[in-house]
There are 2 protein chains.
Amino acid sequence: MVTADGHGEPGTPRVRQTAMRTHRCGDLRLADAGETVTVCGWVAHRRQHGQSLQFLDLRDYSGVVQCVVDGTVDVRSEYVLKITGTVTERPEGTVNPQLATGQVELRDCKVDVLSVAKPPPFPLDDRADNVDESTRLAYRYLDLRRERMQRNLRVRSAALSAIRTALAPLGFAEVETPLLMPSTPEGAREFIVPSRQFPGSFYALPQSPQLFKQLLMVGGMDRYFQFARCLRDEDLRADRQYEFTQLDLEMSFVDQQDVLDVVTSAVLAATEAAVDVPVPPVVTMTWHEAMDRYGVDKPDLRFGMELVELTSVFAGSGFKAFAGAGAVKGVRVPGGSATHNRKALDTLTDTAKKLGAKGLVWMRVGAGGTLESPVAKFLSPEELAGIVTRTEAAEGDLLLLVADEWMTACEVLGQLRNQLGRPPAGEGGFRYVWVVDFPLFVGIDQATGRPKPGHHPFTRPHPDDVDKMESDPLEVRSRAYDLVLNGWELGSGSIRIHEPDLQQRIFGLLGITPEEANARFGFFLTPFGYGAPPHGGFAFGIDRLVAILAGEDNIREVIAFPKTQSGLDPMTGAPTQVDERQLRELGVRVVAAPPA
Amino acid sequence: MVTADGHGEPGTPRVRQTAMRTHRCGDLRLADAGETVTVCGWVAHRRQHGQSLQFLDLRDYSGVVQCVVDGTVDVRSEYVLKITGTVTERPEGTVNPQLATGQVELRDCKVDVLSVAKPPPFPLDDRADNVDESTRLAYRYLDLRRERMQRNLRVRSAALSAIRTALAPLGFAEVETPLLMPSTPEGAREFIVPSRQFPGSFYALPQSPQLFKQLLMVGGMDRYFQFARCLRDEDLRADRQYEFTQLDLEMSFVDQQDVLDVVTSAVLAATEAAVDVPVPPVVTMTWHEAMDRYGVDKPDLRFGMELVELTSVFAGSGFKAFAGAGAVKGVRVPGGSATHNRKALDTLTDTAKKLGAKGLVWMRVGAGGTLESPVAKFLSPEELAGIVTRTEAAEGDLLLLVADEWMTACEVLGQLRNQLGRPPAGEGGFRYVWVVDFPLFVGIDQATGRPKPGHHPFTRPHPDDVDKMESDPLEVRSRAYDLVLNGWELGSGSIRIHEPDLQQRIFGLLGITPEEANARFGFFLTPFGYGAPPHGGFAFGIDRLVAILAGEDNIREVIAFPKTQSGLDPMTGAPTQVDERQLRELGVRVVAAPPA
């Protein structure tokens, strides 16, 4: 609830009091009436009342308080003031119930101007939401004064703090792993840093601390965590930044459930610290169930519209498109009949085809469970009745059916379900899901005939499936798991392979020779030869978690100083050119480069 | 004490228990006798008893437990085992009082080998302290298994956690500032990062978050902290690494004492979490007092030997070297007479001269306060008696006197005091000192006639001295302060200048034109024009703090994965060469470079 810092509640003396102030602006209440107090802050609003009086709203991060000051004091918006005055009950009819301090105002004010201020380039309230983002970022130090940004950064801080507090009593050691790492041939899109000591050589910035956290387990640290600063030089999207923060943890002598339990308590603690609604228990489902019921491996449980299994309805159907399909699945869109005209249905069909389906069958549900559909005439009354029963369809609903391979049918309908039903950010509460038992392999490489790994090749196979690795690789489940919140994958983890012989078996399956394995993964394999404990871990993105908790769509809104989508910082101008001499020392030279 | 994680005390179920174990090795006590338990860990020692029995010491981070196992089980040092057995009181005469688990052993053991292990390249106990450091770093994942490294990293984690817990209820928001920053012409020795999006342009890695933390204050964050990862590309010394972590904080609407109070509570919390001795209250002294009494601006209060003021003793002396000096100061070395022969005294004299003194006068204190010294014959009986009285000298002591400018006399004797009296790391307790009222300027630049700033030019002058800035700049004190622990400067901070006009006045004194100021510091000055609050802050190095708390001389001992003094990581081989294609994308080329 972000009240630890006093938001919404008056602060304790240690929070509010300094050499310059007795209270923060947001602290004052009717109970303080009669007290002489000193507050400091920025002029949020100013209203002149004739010659003799001004009403100033003084703002700090805790809130706003109204001060009635001498009309001759020359102050303007965003001036920084120190005001000493008497807390006074507001006259009847001027109470502002929207404001925590709305029952009082400061009277008999002495005003010190601490700093003058130029007028800000945009209004520092909700109207700034419509200002061009690069302008907001160029003046981020002003944008941050807004209630929205203050709240978002405090939510972030409260979430970090709650996670730490949850982990501290569980035996975790916080360990900082290096920022200057080796460059890895595996790691595309890493940032590199030229070395001055060894000109022509480079460090790389971490895309994740995966190497080091597993080595900490080999080193006997037992339980490690870190809020790891990671960097990835990839093309930026709305939900990506070059830099990101992840909660990174690893545990020894554990099985999957141990890791899930720890991460669950951490995220629930973060959520409870940040938001004011009850959080339902975290659900666990297998990857297969997630695909089967939601058509995605990151199901959004804030809404229903689950995929319905219809294959058996058409087992002996005369309609070959259904009878011959690997699976027939459907989604019911409540009340969707009226909201989808033919054009909208055509668009949905196009979408389904783009997603890989051979087609999309729609059905409008009429009175008494009648179905209007281009394919209705090919289906028997029993089949039509079966559809209605299974989907629990009611008049006015829209049904969407796909007959295809099971995977395709699930994926296509999962996308349509999200597109048609997903609530916006900030609505529908907070629904966490663990998705477990991901497939170890995600298909067969046509060129090599080898299975393709679903995760990194150190992911542990499910113990019940190890015997099937060679005979039936696509049926092998893994000890990999994802944590999903409101349809976003927050992060993923796995139990790792700690035995060199099992690791070799996986490499063999993937067609990686021992020599190649050594060249690519030697920094893991050598240490593991000295006695690695069974271990597993997890990493999840703090930026996305906080964005969801703060009800923001864009992670830039929960980062103090983000880059633009082209990687620029409009405030500082980074990146910039650097000194020739500096480059010479590093043994590098800028060569003619295409403009971006 | 680092007991939060269960070191030394049995852990709670949530700390010790996982799917694979019921207890940690170090948890077991006599009270557990009769219980069947499962522990996991590494074989620390193995002793064969005939054909039928082996005594295994199984180790995890919490400690060691002795397990009596079947002699035919093939295990060796550093194998990873899971052992299920019955906690049994050790037979009389075999109790080990050195060990927390020394009253018990596991009997009727079932042993699972979780991982085999090659013999480690060095013994994983205290003997490794004598192993070449680059070997220890090359196998850091084994070095970390040692009790010393486990303890150091747990001390570090406990200190970080205690600092956060101390700051959390004080209204601080933890904010992460960018790692990809603008390059600054001011910042020598910054690491740079080529941009792929803008080939030929570079980001810089932060040497400190100073810019951003002050902008957070302009942005109304009120109180900010961060454990900031910082990087500086400077020549490495025993106490430096390219990467370091600092506790970085900043507060608005405060004066100096507010910042000192917060940092004091944070470091005391860290100290109490990490060590098991009482910590005396933190002392505050002015820079002038520190120089006058200890001859350094980072006094080590773990020992006495304070500098004694002797100037007035020689006010009318016939000994011109003393009478004509700006100051005469002395240090008493208790019992130092016997431990310093003529050769040792000559060496001290050489040291004093190298430090800038014209000379060093030594005096041996004999029976009844007689002084033996080359200059004794030039001094009157009253002067000799005055020396003895002022220094409180006793028979067998050695006195060292310097007559020079006050500053030189202080500095030279301060160095000698440290050299002769300073206790080694880990001894003498923990003595924190705030040094305040540093001079704003540290001298006059001979070339320009301008005063030279003692800190960055945004440091606030002492309010009582602002009027002297132009007339008597060297007498102007600043609102800069250092925190010193056992003679190490942990960190420094200041109250900042927040008013553009005062800032211009400082720039004027330093001979910085408005244009130049804008070019060099525009990223500060522009934001400050929009209304900056009075603010101040602090930053201190976690690595050094933890090293002192852990009793280590070298910060590499408290860093999980440090670089060597040449900046190499012998474990991963970083830095390395990178792919030509990668460089081409970045618009840079490696040019022929001299070998390092």
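Nothing here was measured: the structure is a model prediction, and the numbers come from that model. Residue numbers begin at 1 in each chain, while the letters A, B, ... track the order of the sequences.
Using a 4.0 Å cut-off between a side-chain N of Lys or Arg and a carboxylate O of Asp or Glu, B:Arg14 and A:Asp258 do not qualify as a salt bridge. By the 4.0 Å N-to-carboxylate-O rule, A:Glu234 lies too far from B:Arg196 to be salt-bridged with it. A salt bridge between B:Glu174 and A:Arg164 is present, with a side-chain N of the basic residue lying under 4.0 Å from a carboxylate O of the acidic one. The pair B:Arg21-A:Asp222 meets the salt-bridge criterion, since a charged nitrogen lies less than 4.0 angstrom from a carboxylate oxygen.
Neither the backbone nor the side chain of B:Gln214 comes within contact range of chain A; no heavy atom of the residue lies under 4.5 Å from a heavy atom of that chain. In this structure, no portion of A:Thr38 lies under 4.5 Å from any heavy atom of chain B. For A:Leu160, the part lying under 4.5 angstrom from a heavy atom of chain B is the side chain only. Heavy atoms of A:Lys563 lying under 4.5 Å from chain B belong exclusively to its side chain. Neither the backbone nor the side chain of A:Gln241 comes within less than 4.5 Å of any heavy atom in chain B. With a 4.5 angstrom heavy-atom cutoff, B:Leu124 does not touch chain A via any of its atoms. Both the backbone and the side chain of A:Val588 come within contact range of chain B, with heavy atoms under 4.5 Å apart. For A:Pro534, the part sitting under 4.5 Å from any heavy atom of chain B is the side chain, from C-beta outward, and nothing else. Residue A:Ile542: no heavy atom, backbone or side chain, is found under 4.5 Å from chain B. Looking at A:Pro119, only its backbone comes within 4.5 Å of chain B, counting heavy atoms on both sides. Only the side chain of A:Met571 comes within less than 4.5 Å of a heavy atom in chain B; its backbone stays farther off. Residue A:Asp501: no heavy atom, backbone or side chain, is found under 4.5 Å from chain B. A:Ile559 does not touch chain B: none of its heavy atoms, backbone or side chain, sits under 4.5 Å away.
Among the candidates B:Glu499, B:Glu585, B:Gln256, B:Gln17, the residue making the largest number of heavy-atom pairs closer than 4.5 Å to chain A is B:Glu585. Heavy-atom pairs under 4.5 Å with chain B peak, among A:Asp579, A:Asp569, A:Thr245, at A:Thr245. Ranking B:Ala560, B:Pro178, B:Ser195 against chain A, the residue ahead of the rest is B:Pro178, based on heavy-atom pairs under 4.5 Å. Most heavy-atom pairs under 4.5 Å with chain A: of the set B:Arg589, B:Gln257, B:Arg156, this distinction falls to B:Arg589. The choice from A:Arg146, A:Lys118, A:Arg584, A:His498 that makes the most heavy-atom pairs within less than 4.5 Å of chain B is A:Lys118. With chain A as the partner, the residue from B:Pro533, B:Ser161, B:Gly573 showing the most heavy-atom pairs under 4.5 Å is B:Pro533. The candidate from A:Ser566, A:Pro527, A:Pro500 with the greatest count of non-hydrogen atom pairs under 4.5 Å with chain B is A:Pro527. No other option in B:Asp60, B:Asp233, B:Leu216 has as many heavy-atom pairs under 4.5 Å with chain A as B:Asp233. The candidate with the highest count of non-hydrogen atom pairs below 4.5 Å against chain B, out of A:Leu568, A:Leu144, A:Leu179, A:Leu153, is A:Leu179. Among B:Asp255, B:Val193, B:Thr12, the residue making the largest number of heavy-atom pairs under 4.5 Å with chain A is B:Val193.
Residues that satisfy the salt bridge (charged side-chain N to carboxylate O under 4.0 Å, His left out) test with A:Arg76, not counting sequence neighbours, are A:Asp74. The salt bridge (charged side-chain N to carboxylate O under 4.0 Å, His left out) check on A:Glu78 picks up A:Arg59, A:Arg145, with sequence neighbours excluded.
Counting all heavy atoms, side chain and backbone alike, B:Arg154 lies closest to A:Arg223 at NH2-O, 4.0 Å. When every heavy atom of A:Val590 is checked against every heavy atom of B:Gly200, the shortest pair comes out as CG1-CA, 3.7 Å. The heavy-atom pair separating B:Thr177 from A:Arg229 by the smallest distance is O-NH2, 2.6 Å. Closest heavy-atom contact between B:Val578 and A:Ser183: CG1-OG, 3.6 Å.
With hydrogens and angles ignored, the 3.5 Å screen pairs a side-chain donor or acceptor of A:Glu243 with a backbone N or O of B:Leu180. Between the side chain of B:Ser115 and the main chain of A:Ala532, a donor-acceptor pair closer than 3.5 Å is present. In this structure, the side chain of A:Thr18 engages the main chain of B:Phe253 through a donor-acceptor pair within 3.5 Å. Under the 3.5 Å distance criterion, the side-chain polar atoms of B:Glu176 are left unmatched by any main-chain donor or acceptor of A:Phe561.
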Take B:Met181 and A:Thr572 through the test side chain to side chain contact (heavy atoms under 4.5 Å, CB included) and record every step on the way to the result.
-> CA-CA 8 Å; B:Met181 305 235 313; A:Thr572 65; over 6 Å; no
Report the C-alpha distance between B:Leu205 and A:Leu205 in whole Å, list the side-chain angles of each, state the deciding distance to 0.1 Å, and finish with yes or no for side chain to side chain contact (heavy atoms under 4.5 Å, CB included).
-> CA-CA 10 Å; B:Leu205 296 174; A:Leu205 297 174; 4.0 Å; yes
Taking it one step at a time, do A:Tyr61 and B:Ser252 satisfy side chain to side chain contact (heavy atoms under 4.5 Å, CB included)?
-> CA-CA 11 Å; A:Tyr61 81 105; B:Ser252 288; over 6 Å; no
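The environment of OH in B:Tyr139 is sparse: at most 12 heavy-atom neighbours from other residues, nucleotides or ligands sit within 6.0 Å. Heavy-atom contacts from other residues, nucleotides or ligands closer than 6.0 Å to OH of B:Tyr79 number more than 12.
Ring-plane geometry between B:Tyr203 and A:Tyr242 is classed as perpendicular, the angle between the planes exceeding 60 degrees on a 0 to 90 degree scale with a lower cut at 30.
In this structure, the side chains of A:Ser157 and B:Val175 stay at 4.5 Å or more apart for every pair of heavy atoms. Put simply, the side chain of B:Ile192 reaches to within 4.5 Å of the side chain of A:Gln582, judged on heavy atoms. A 4.5 Å side-chain heavy-atom check between A:Pro575 and B:Pro182 finds every atom pair outside the cut-off. Contact check for A:Pro121 versus B:Tyr530: side-chain heavy atoms found under the 4.5 Å cut-off. Within the 4.5 Å cutoff, the side chain of B:Phe172 has no heavy atoms near those of the A:Val15 side chain.
Here the OH-CZ distance, from B:Tyr141 to A:Phe524, works out to 12.0 Å after rounding to the nearest 0.5 Å.
For A:Ser201 and B:Gln577, the side-chain atoms include no donor-acceptor pair closer than 3.5 Å.
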